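As structure tokens, the structure follows; a few thoughts come after it.
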Number of protein chains: 2
Amino acid sequence: MITLAEENYLKAILKLSKNSEDSVSTNAIAEELDTKASSVTDMIKKITDKQLVDYVPYRGVSLSKSGLKKAIEIVRKHRLWEVFLVTKLQFKWDEVHDIAEQLEHIKSQKLVDALDAYLGYPQHDPHGEPIPNKDGQFPKSFSKRLSELEKGSSGQVVGVSQDNQSFLQYLNSLNITLGASISVIQKIDFDDSLEITINNKSAHISNDVARNLLIKQK
Amino acid sequence: MITLAEENYLKAILKLSKNSEDSVSTNAIAEELDTKASSVTDMIKKITDKQLVDYVPYRGVSLSKSGLKKAIEIVRKHRLWEVFLVTKLQFKWDEVHDIAEQLEHIKSQKLVDALDAYLGYPQHDPHGEPIPNKDGQFPKSFSKRLSELEKGSSGQVVGVSQDNQSFLQYLNSLNITLGASISVIQKIDFDDSLEITINNKSAHISNDVARNLLIKQK
DNA sequence: TTATAAATTTAGACAAATCTAAAAATTAAA
DNA sequence: TTTAATTTTTAGATTTGTCTAAATTTATAA
């Protein structure tokens with residue numbers, strides 16, 4: 001049986017290892033989970049014993065096959081519940097994260113599948129993040145980061161790659177919502193910030209923000 | 001902050017104290033939660049310190065005002081999630097208990113209220129149990145136990161007062177469902193069992209079963 | 001290449017929730 | 001009303017997940 005704390009570690013490791021093979025450092029996990037490095041080492045030993053991760057002392061951890069499967073299941077549940085909260089219960093996209101953090105740990109395969117069907121097998125959550133299917137496969141994405149677009153090019157907002165509340169609220173204040181049209185007017189060299197238009201109204205955003213906005217070009 | 005274990009103790013105490021004033025014994029709680037009496041004593045001390053219960057050593061516990069409020073909130077959440085699972089996700093009434101046991105601990109007042117509204121403010125769960133409203137008030141019930149009906153009288157099934165899976169499955173096998181019409185044909189004196197008809201088909205049920213079936217007469 | 005800084009692990013402790021075994025209090029019975 | 005049975009509590013231990021402080025390993029820089 002996998003515990004709630006263990007699930008959170010698996011999720012953190014998945015999030016930190018973009019390429020699911022490469023290993024993640026103890027400190028990175030500690031920062032992600034807002035805990036101490038020594039606690040992380042302790043927990044890594046436990047999940048190593050359960051063969052959920054591969055671990056080389058001082059060299060970091062990576063998800064095993066079964067650990068990756070578990071982690072993807074949690075992400076799937078998190079994102080499906082977010083869709084439920086927004087599309088059925090009328091929550092705003094910046095209000096759902098904390099509740100989904102709880103709901104993602106509910107254990108029932110039948111519930112997840114029924115929820116998926118009820119929601120119409122959505123491919124993306126309200127932040128534009130892809131939802132893995134029952135077999136753990138992610139839908140292919142055709143989006144780019146706004147920071148990667150050339151001057152003069154444009155597209156539509158299809159997601160964010162970070163979903164903390166203050167970031168989402170900042171986006172709201174700029175009228176940057178899912179589906180909004182964005183064009184890159186100017187790229188400022190010395191700090192990589194951007195002059196853009198959002199639905200034809202101009203704005204100035206930092207590279208930090210641009211890096212976390214996912215854009216689909218026509 | 002109230003922990004998951006504490007919530008389960010409050011719920012058990014509420015369930016065991018029909019009249020919410022009278023006190024509940026240590027052993028009764030241990031049996032209800034399938035744990036040891038010594039563990040119960042330990043936990044009672046913790047929730048006493050938090051003023052969730054009133055406790056007199058060797059004399060049992062009763063819910064305090066705030067403890068009762070908490071316990072009713074948990075029951076409300078449990079029953080609303082059961083309604084969700086049955087009416088929206090097409091679960092059977094005998095499949096929802098274990099999942100609702102998990103969902104009842106999700107913490108978000110906004111979620112509970114939004115769910116309540118989404119479900120149309122239901123007054124009863126799929127087992128016929130009353131759902132307390134936002135203020136903790138239970139809807140009035142006009143049902144009687146089948147075991148209390150006179151020979152010759154009849155009514156409709158509106159609920160059960162026990163919801164373990166094997167009981168509900170037994171009811172299913174007898175075609176006793178919510179809304180089914182039941183008439184009392186004969187009461188057998190020596191064991192208090194009953195000859196009844198269910199939607200005009202005859203059956204014989206024990207007093208044990210009859211005591212747990214809630215009937216509404218016209 | 002050796003010294004220093006940074007990252008990681010180990011050792012030992014703590015709180016939560018549980019357990020077993022023994023002691024104390026209450027209830028029931030002779 | 002004294003004894004026996006039952007219930008409840010206490011004492012001490014265990015597991016999980018965390019912490020601080022110290023030790024060890026790895027990385028960096030002079």
Side-chain angles (χ1 to χ4, degrees), chain A residues 1-17 22-63 67 70-71 74 101-102 104-107, chain B residues 1-17 22-64 66-67 70-71 74 101-102 104-107:
Chain A
M1 200 49 201
I2 186 165
T3 69
L4 192 144
E6 288 167 351
E7 289 195 344
N8 285 330
Y9 274 84
L10 295 182
K11 197 172 55 138
I13 295 167
L14 176 61
K15 181 173 176 183
L16 294 169
S17 59
D22 53 36
S23 71
V24 175
S25 78
T26 300
N27 259 5
I29 298 169
E31 187 164 347
E32 172 68 23
L33 294 178
D34 197 25
T35 185
K36 293 288 147 50
S38 56
S39 307
V40 174
T41 303
D42 287 347
M43 181 57 91
I44 286 174
K45 286 180 188 164
K46 287 174 194 162
I47 58 181
T48 300
D49 290 346
K50 292 189 176 184
Q51 308 193 36
L52 295 166
V53 292
D54 298 310
Y55 170 52
V56 183
Y58 296 101
R59 286 277 115 94
V61 277
S62 58
L63 291 170
K70 283 280 179 204
I74 299 162
E101 288 280 297
Q102 299 178 61
E104 72 190 5
H105 299 293
I106 301 293
K107 284 173 181 55
Chain B
M1 200 48 201
I2 187 166
T3 69
L4 193 146
E6 288 169 349
E7 289 194 345
N8 284 330
Y9 273 84
L10 294 182
K11 197 172 56 138
I13 295 168
L14 176 61
K15 182 173 175 183
L16 293 169
S17 58
D22 52 36
S23 72
V24 175
S25 78
T26 301
N27 260 4
I29 297 169
E31 187 165 346
E32 172 69 23
L33 295 178
D34 198 23
T35 185
K36 293 286 149 39
S38 56
S39 307
V40 174
T41 304
D42 287 346
M43 182 55 92
I44 286 173
K45 285 180 188 164
K46 288 173 195 161
I47 56 181
T48 300
D49 290 346
K50 292 188 177 183
Q51 307 195 40
L52 295 166
V53 293
D54 299 309
Y55 170 51
V56 184
Y58 296 101
R59 286 279 112 95
V61 278
S62 58
L63 292 168
S64 71
S66 74
K70 284 281 179 204
I74 299 161
E101 288 279 297
Q102 299 177 63
E104 72 190 4
H105 299 292
I106 302 294
K107 284 174 180 50

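By convention in this document, chain letters (A, B, ...) are assigned in the order of the sequence lines, proteins followed by strands, and residues within each chain are numbered from 1. Because the structure is predicted, anything quoted here is derived from the model rather than measured.
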Could you tell me if the side chain of [Y] sits less than 4.5 Å from the side chain of [X], heavy atoms only?
X: A:Ile74; Y: A:Leu14; answer: no
X: A:Val40; Y: A:Leu33; answer: no
X: A:His105; Y: B:His105; answer: no

Task: Degree of bending in the helix from C:dT1-D:dA30 to C:dA30-D:dT1 once both end axes are built from five pairs, to 10° - done: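 The value is 10°.
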- [ ] Please report the closest heavy-atom contact between A:Leu10 and A:Ala71, naming both atoms and the distance.
- [x]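 Between these two residues, the closest heavy atoms are O-CB, 3.8 Å.
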Task: A:Ile44 versus A:Thr48, closest heavy-atom pair with distance - done: O-OG1, 2.6 Å
Sequence neighbours left out, cut at 3.5 Å: what donor-acceptor pairs do the side chains of residues 51-61 of chain B make with other protein atoms?
none

Does [X] have any side-chain hydrogen bond (donor to acceptor under 3.5 Å, both in side chains) partners at least two apart in sequence or in another chain, and if so, which?
X: A:Glu31; result: none
X: B:Lys70; result: none
X: B:Lys107; result: B:Glu7
X: B:Lys50; result: B:Glu6

Task: Sub-4.0 Å heavy-atom contacts from residues 25-34 of chain B onto DNA chain D, ordered by number - done: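 Heavy-atom cutoff 4.0 Å gives B:Ser25, B:Thr26, B:Asn27.
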TODO: Using atom CG of A:Asp49 as one end and atom C1' of D:dG17 as the other, report the distance to the nearest whole Å.
DONE: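 Taking atom C1' of D:dG17 as the reference, CG of A:Asp49 is at 15 Å.
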Task: Rounded distance (Å) that lies between atom P of D:dT16 and atom NZ of A:Lys36 - done: 23 Å
- [ ] Walking along DNA chain C from 5' to 3', note the first and the last nucleotide with an atom under 4.0 Å from a heavy atom of chain A, and give both.
- [x] C:dA7 to C:dT10
Open item on the list: Heavy-atom nearest nucleotide on DNA chain D for A:Pro57 versus A:Thr35: which residue maps closer to 5'?
Closed with: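 Nearest nucleotide further toward 5': that of A:Thr35.
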Open item on the list: Applying side-chain contact (heavy atoms from CB on, under 4.5 Å), can you list everything that pairs with B:Asn27, at least two apart in sequence or on another chain?
Closed with: B:Ser25, B:Ala37
TODO: With sequence neighbours excluded, tell me which residues meet side-chain contact (heavy atoms from CB on, under 4.5 Å) with A:Ser38.
DONE: A:Lys36
Open item on the list: Below the 4.0 Å mark, does D:dT10 have OP1 or OP2 next to a side-chain nitrogen or oxygen of B:Tyr58?
Closed with: no
TODO: Kindly say if A:Tyr9 contacts the phosphate of D:dT16, meaning a side-chain N or O under 4.0 Å from OP1 or OP2.
DONE: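 For A:Tyr9, the contact criterion (side-chain N or O under 4.0 Å from OP1 or OP2 of D:dT16) is not met.
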TODO: Would you please name every residue forming a salt bridge (charged side-chain N to carboxylate O under 4.0 Å, His left out) with A:Lys15, sequence neighbours left out?
DONE: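 Here the qualifying residues are A:Glu32.
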- [ ] Tell me which residues in residues 39-47 of chain A put a heavy atom below 4.0 Å from DNA chain C, sorted by number, or none.
- [x]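 Only A:Thr41, A:Lys45 qualify.
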